[in-house]
Amino acid sequence: MPKAELHVHIDGTLQPSRLLDRAAKHGVDIPYRSVEDVENAYDFDNLQSFLDLYYLGTGVIRDEEDFYLLMLDYLSACREQHITHTEIMVEPQSYLPNGVALETLMSGFQRAIDEAKAGWGQSVVLILSLLRHLPEADGIEVLEQAHSTYSDRFVAIGLASAEVGHPPDGFAGLYARARSLGYRATAHAGEEGPAAFVTDSLDLLGVERIDHGVRSADDPALIARLARERIPLTVCPLSNVKLKVFENMTDHNILELLDAGVRVTVNSDDPTYFGGFLNDNFIALHEDLKLSREQATRLNRNAFEASFLPEDVKAALLADLDRYLLEHPVR
Ligand code: HPA
Ligand code: ZN
């Protein structure tokens, strides 16, 4: 199927070989010598143990070419995986402290996006993702800086990084400002944090979408609300198993959420770190949870419907999906 992905961090698409060649290029000392060394490090106990490696990876991405190649590698994977539309989180706070200018990052990314659009009609939305382990004021500063030059590139803001200890109520000012500037809003919540963080993200931050949100299942009233208000959850199955949010894929609650009427979607989060791109997530759900073609289609349709695209573009992509499904009927 033509697919949409709504939850992917560009830094989480860094290929091990790129980590090595960029580190060598910039003379950054990293504790890995081979692709195998890097892959062996993809063994996480929790979100924080992953974030430590993830921020090591961002330390080797420094010039325009690095950002270009990072984005082009991911968009090339989208082409292979038939991800016709993707909404990508960009996290400037991972780079600015290394002396990288916002302009460097944005021009490298934009060059790759322009090539992918011209080359194979790739549809891309960028989300300005702020880091919650840093002060809210820092996030507001980055928002203002991005808005002053790149208001036409970013469609939405998001909130990522360590959830526990960094609750949503600390970011109400950031979200109020972003929404007043016309940005759409999403936030990570209910991955390692409790269901209450999902409720607070909706009520205090005014988000339209929740990234992860699987722990909403601990609060039946919240599940009923998510279903009633048609609030999308961007669920990341392989990520959740890798970071031990669920012990095994067979324990994952995505199909229960779908059955409860929640608008769930499937996403890869940080595909090179978690063992698979979007198709691999669908395949894992099929193998371990007996995901049917009808369910896969419903999850994917949810993703197009929950996208931050303008309504006319969304309608055109949904029409492409419908055309494909007519030609390849679900048995
Ligand atoms: N959770 C929080 N922050 C992140 C994640 C995640 O799954 N991936 C990259 N940054
Ligand atoms: Zn994420």
Side-chain angles (χ1 to χ4, degrees), residues 4-15 19 41-59 61 70-71 74 83 86-95 125-134 138-139 142 156-168 170-171 174 185-195 197-198 200-201 205 207 209-216 232-246 249 252-254 264-278 280-281 303 306 308:
E5 168 149 76
L6 305 182
H7 181 164
V8 59
H9 303 257
I10 194 61
D11 311 310
T13 71
L14 179 64
Q15 309 275 358
L19 172 68
Y42 293 166
D43 182 22
F44 310 114
D45 299 322
N46 52 32
L47 176 58
Q48 191 58 54
S49 66
F50 153 70
L51 290 171
D52 292 344
L53 183 59
Y54 175 82
Y55 294 125
L56 182 120
T58 61
I61 305 296
L70 178 62
M71 183 61 80
Y74 169 62
I83 300 167
T86 179
E87 311 208 339
I88 304 170
M89 286 182 246
V90 169
E91 298 174 350
Q93 286 162 300
S94 301
Y95 300 101
V125 153
L126 295 184
I127 298 170
L128 178 68
S129 175
L130 289 320
L131 302 182
R132 67 199 308 157
H133 68 273
L134 298 174
D138 201 84
V142 172
I157 70 155
L159 191 63
S161 189
E163 189 180 359
V164 173
H166 305 285
F171 297 90
L174 168 68
T186 183
H188 283 56
E191 179 189 21
E192 284 196 339
F197 282 16
V198 174
D200 285 351
S201 299
L205 307 184
V207 303
R209 233 158 63 184
I210 295 286
D211 295 315
H212 293 295
V214 290
R215 292 201 53 194
S216 303
L233 301 186
T234 65
V235 174
C236 308
L238 286 172
S239 164
N240 291 157
V241 174
K242 268 291 208 184
L243 299 187
K244 304 196 165 36
V245 174
F246 296 95
M249 192 61 84
H252 203 290
N253 66 3
I254 185 168
V264 270
T265 66
V266 179
N267 305 272
S268 69
D269 205 6
D270 302 284
T272 52
Y273 292 85
F274 298 150
F277 285 83
L278 185 56
D280 307 291
N281 277 272
F308 288 143

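In each ligand, atom 1 is the first atom listed, and ligand 1 is the first ligand listed.
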Spacing of SG belonging to C236 relative to CG belonging to D211, to within rounding of 0.5 Å: 7.5 Å

Apex the Zn ion (ligand 2) - arms NE2 from H7 and NE2 from H188 - angle rounded to 10°: 100°

Between E91 and H9 (side chain of the first, backbone of the second, donor and acceptor by atom type, cut-off under 3.5 Å), is there such a pair? no

For atom 5 (C) of ligand 1, grab the closest protein heavy atom and report residue, atom and distance to one decimal in Å. H9 NE2, 3.7 Å

Rounded to the nearest 0.5 Å, what separation is found between the CG atom of D200 and the CZ atom of F171? 13.0 Å

CA sep, side-chain torsions, deciding dist, call: R215, E163, salt bridge (charged side-chain N to carboxylate O under 4.0 Å, His left out): CA-CA 12 Å; R215 292 201 53 194; E163 189 180 359; over 6 Å; no

Considering only protein heavy atoms, which is closest to atom 1 (N) of ligand 1, and at what distance to one decimal place? E191 OE1, 2.7 Å

I'd like to know if the side chain of T265 and the backbone of L233 have a donor-acceptor N/O pair within less than 3.5 Å. yes

With atoms numbered from 1 as shown, which atoms in ligand 1 lie under 4.0 angstrom from a non-hydrogen atom of H212? 6 (C), 7 (O)

The closest protein heavy-atom partner of atom 8 (N) of ligand 1 is D270 OD2, 2.7 Å

To the nearest 0.5 Å, tell me how far N240 CG sits from I254 CD1. 8.5 Å

So is S161 in contact with ligand 1, going by heavy-atom distances below 4.0 Å? yes

Quick check against the 3.5 Å criterion: does D269 have a side-chain atom that pairs as donor or acceptor with the backbone of V8? no

Within the 4.0 Å heavy-atom cut-off, what D269 brings close to ligand 1 is side chain

May I ask you to list the atoms of ligand 1 that are less than 4.0 angstrom from any heavy atom of F50? 8 (N), 9 (C)

Backbone, side chain, both or neither: what part of D11 comes under 4.0 angstrom of ligand 1, heavy atoms only? neither

Indicate the ring-plane relationship of F274 and F50, choosing parallel, tilted or perpendicular according to the 30° and 60° boundaries. tilted

Check contact between E163 and ligand 1, using heavy atoms of the residue and a distance below 4.0 angstrom. no

Opening angle between OD1 in D269 and NE2 in H9, taken at the Zn ion (ligand 2), to 10 degrees: 90°

Near A160 (heavy-atom distance under 4.0 Å), the atoms of ligand 1 are 3 (N)

